[in-house]
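Fair warning: this is a prediction, and the values are worked out from it, not measured in the lab.
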Amino acid sequence: MYQQSTETISDESGESDSEVEDADAPLLTRTETKHADKYLSDDKPSHSQPDDSEEHKGNRAWKLRAAASYYFSFIGLGMVMSALGPTLPGLAQLFGAGEATNLAPLLTARGVGYTAGTLGMGYLVSKYPSQRHRLLVLSSSLMGLLAIMMPRCSGGSGGIGGLYVVMGLMSLFGGALDLGGNVCLVVVWRRDPWSAAMMNLLHFFWGVGSLCAPLVAEGVGLQASQQNATWLCVGLVGMVVGLGPLVVDPPQDSTDENADTGPSASEEPSQGKIAIDGDDALLIEEDPAANADTNDVIPTSSPAATLSFKVAIAMLFFYYFAYAGAEHTPGDWLATYALVKLNASEDDGANLTAMYWGLLTFGRLVGAVLTVKLSAVQMMGLDMAFCVLGCLLLLTWGSATVSGAYVAVALLGMGLSTLYPMGIMLAEEKLSVSGSWISVFISGGTIGSVVLPLLVGLLLAKAPLALAWAETGFILSQLLCWLVVKSMPAKAARNAPTLSAEDTGANPAIDSTDA
């Protein structure tokens with residue numbers, strides 16, 4: 001059929017453009033037939049070759065500028081959203097809350113706001129694609145402004161209630177920036193061999209911001225009287241580094257310029273192959289049975305999904321639920337734990353938090369190198385070993401001395417660094433899941449980030465060692481879920497039902513999400 005369409009559209013046929021369009025109407029769908037010779041004609045091979053023209057080089061430069069603007073924005077995002085942990089004791093003093101654990105509901109407000117922001121931005125970037133960069137800058141600016149207001153909403157009738165509101169709103173715009181940056185990077189680097197590396201770098205720069213937050217807080221001041229200056233510095237950085245997207249043209253999906261270049265939300269999914277060149281796409285009809293045995297086929301709907309698939313999705317859901325607790329517990333409560341349990345200084349608490357985020361960030365770079373040689377199962381086994389050892393030290397040596405806590409936290413930071421992306425890779429290796437199913441089990445992390453930090457804070461108020469036990473429980477829960485999924489045969493659930501974006505509430509512009 002490919003050859004038939006090639007011969008029909010070729011200029012050698014002598015037919016007019018209108019005759020060619022009518023003749024090929026049954027073969028070509030969702031595209032303008034006048035572009036067909038760009039992909040199919042044997043007389044124009046130069047169009048299918050890599051383009052080394054100035055236009056191509058300019059497009060590459062635009063991609064790099066866009067990526068750089070997102071990276072700077074994510075430095076600000078990581079700094080603002082991670083500043084709460086080391087400043088929590090000072091905020092508790094400023095607001096007259098007593099112990100830092102009394103402000104545990106702040107973490108719930110952060111989780112709820114962040115979730116709402118991701119959902120809202122998911123709708124906006126799909127509804128208004130030409131305004132994506134303006135939405136990013138607006139989100140980062142409002143996030144930074146609300147960060148400046150954090151310690152300034154004390155007193156009057158607001159009190160702690162006003163702090164919760166400001167925290168929720170700040171997190172709302174932080175979640176919007178997170179989702180928007182991921183979507184824009186995916187669109188900019190779509191179908192590019194460097195797309196995976198660029199995505200890893202995006203989250204690396206988030207880690208850079210998270211590392212800087214406690215260092216900035218310690219440098220400016222952690223006392224109650226210094227909270228205004230600390231949050232002013234953090235908020236200004238978040239606002240300034242987030243201005244980059246204003247000077248770069250926003251990315252456009254292929255469907256933005258021509259609605260016929262891809263399936264719309266109301267159309268049935270296509271079974272054809274897509275030939276891609278630049279921003280245009282040509283869909284060629286093809287017998288779906290021809291690819292029935294390939295690993296690239298998305299699982300088709302089945303009357304009854306296999307039990308192994310259901311178990312795997314449930315285990316992955318709880319895996320990410322526990323991961324949210326394991327990642328946020330050290331980041332949010334280490335400074336408080338050092339003060340209450342170890343009688344350490346506030347500087348030691350900030351340094352512990354900074355080291356945790358720093359090694360988690362460094363581990364992502366190391367993981368990017370190791371994944372070239374190791375499978376997802378091997379990487380996760382190595383990560384789990386680091387985490388279990390770190391928990392054992394945190395329960396023993398790390399609960400008695402500050403030096404022991406440093407070693408335990410270092411192991412936890414390295415171990416947790418790649419467990420999030422490797423979970424997605426494990427699901428792909430074992431289940432061949434679609435993006436919609438990925439969004440289902442990753443939602444466990446969103447729920448965990450709302451519930452678990454609050455519970456840890458409440459337990460920490462009663463027993464300081466609760467942080468170490470909670471972290472151990474989260475890691476062991478992840479380990480159990482990983483072992484269940486790991487034991488399943490590869491591609492065992494190929495006949496799982498397919499979910500649409502409407503079924504899951506997922507944003508169709510991306511395949512998955514990162515916390």
Could you tell me whether Arg110 and Asp332 have a side-chain N and a carboxylate O separated by less than 4.0 Å?
yes
With a 4.5 Å cut-off on side-chain heavy atoms, are Leu316 and Cys481 touching?
no
Test ring-ring contact (aromatic ring centres under 6.0 Å, His included), reference Trp206, set Tyr70, Trp357, Phe74, output is Trp357
Euclidean distance, Leu146 CG relative to Arg152 CZ, rounded to 0.5 Å
12.5 Å
Determine whether a donor-acceptor pair (N or O, by modelled atom type, separation under 3.5 Å) exists between the side chain of Thr361 and the backbone of Gly207.
yes
Can you give me the closest heavy-atom contact between Asp383 and Met414, atom names plus distance?
OD1-O, 4.2 Å
Does Gln378 reach the main-chain N or O of Ser375 with its side chain, forming a donor-acceptor pair under 3.5 Å?
yes
With side chain to side chain contact (heavy atoms under 4.5 Å, CB included) as the test, would you mind laying out the steps for Trp189 and Leu64 before giving the verdict?
CA-CA 9 Å; Trp189 290 90; Leu64 293 173; 3.8 Å; yes
Aromatic rings Phe321 and Phe318: how do their planes relate, parallel, tilted or perpendicular, breaks at 30° and 60°?
perpendicular
Nearest heavy-atom neighbours spanning Ala104 and Leu458
CB-N, 4.5 Å
Could you please spell out the steps behind the side chain to side chain contact (heavy atoms under 4.5 Å, CB included) verdict for Leu467 and Leu394?
CA-CA 9 Å; Leu467 181 142; Leu394 194 60; 4.0 Å; yes
So which atom in Val377 and which in Lys486 form the shortest heavy-atom distance, rounded to 0.1 Å?
CG1-CE, 3.5 Å
Check whether Lys430 reaches the backbone of Met488 with its side chain - one donor and one acceptor, N or O, closer than 3.5 Å.
yes
Neighbour count >12 (heavy atoms, 6.0 Å) for atom CZ, Phe386:
no
Heavy-atom side-chain contact between Ser449 and Tyr320 under 4.5 Å
no
With heavy-atom distances below 4.5 Å as the criterion, would you say the side chains of Leu106 and Leu103 are in contact?
yes
Euclidean distance, Ile447 CD1 relative to Thr115 OG1, rounded to 0.5 Å:
8.5 Å
Tyr337 and Thr353: CA distance, side-chain angles, deciding distance, side chain to side chain contact (heavy atoms under 4.5 Å, CB included) verdict
CA-CA 11 Å; Tyr337 174 81; Thr353 306; over 6 Å; no
Contact between Gln226 and Val220 at the side-chain level, heavy atoms closer than 4.5 Å - yes or no?
no
Between His328 (side chain) and Leu452 (backbone), is there a donor-acceptor pair under 3.5 Å?
no
Note: Val484 and Met315 closest approach over all heavy atoms is CG1-CG, 3.6 Å
Judged by atom type as modelled, is there a donor-acceptor pair below 3.5 Å linking the side chain of Ser171 to the main-chain atoms of Gly174?
no
A side-chain contact here means heavy atoms from C-beta on lying under 4.5 Å apart; do Trp62 and Pro251 qualify?
yes
Does the side chain of Tyr356 come within less than 4.5 Å of Glu327's, by heavy atoms?
yes
Distance check, rounded to the nearest 0.5 Å: Met150 atom CE versus Leu145 atom CG?
13.0 Å
Which pair of heavy atoms, one from Ile148 and one from Gly235, lies closest together, and at what distance?
CG1-CA, 3.9 Å
Please check if the number of heavy atoms outside Phe72 that lie under 6.0 Å from its CZ is greater than 12.
no
Can you tell me if Thr329 uses its side chain to pair, donor with acceptor, with the backbone of Ala326 under 3.5 Å?
no
Nearest-0.5 Å distance, CE of residue Met81 to CG of residue Leu84
8.0 Å
How far apart are the closest heavy atoms of Leu136 and Gly181, and which atoms are they?
CD2-N, 3.5 Å
Centre-to-centre under 6.0 Å for Tyr420 and Tyr323, is that the case here?
yes
Could you tell me if the side chain of Tyr406 sits less than 4.5 Å from the side chain of Asn351, heavy atoms only?
yes
Rounded to the nearest 0.5 angstrom, the CE-CE distance for Met143 and Met170 is 8.0 Å
State, with a plain yes or no, whether a side-chain heavy atom of Leu107 is found less than 4.5 Å away from one of Trp333.
yes
Under a 3.5 Å cutoff, is there a donor and acceptor pairing between the side chains of Tyr114 and Asp178?
yes
Taking the six-membered ring for Trp, are His203 and Tyr71 ring centroids under 6.0 Å apart?
no
List the steps and the verdict of side chain to side chain contact (heavy atoms under 4.5 Å, CB included) for Val241 and Ser73.
CA-CA 6 Å; Val241 299; Ser73 296; 6.0 Å; no
Nearest 0.5 Å please: distance from the CH2 atom of Trp469 over to the SG atom of Cys391.
10.5 Å
Tell me, yes or no, whether the heavy-atom count around Phe362 atom CZ, taken from other residues, nucleotides or ligands under 6.0 Å, exceeds 12.
no
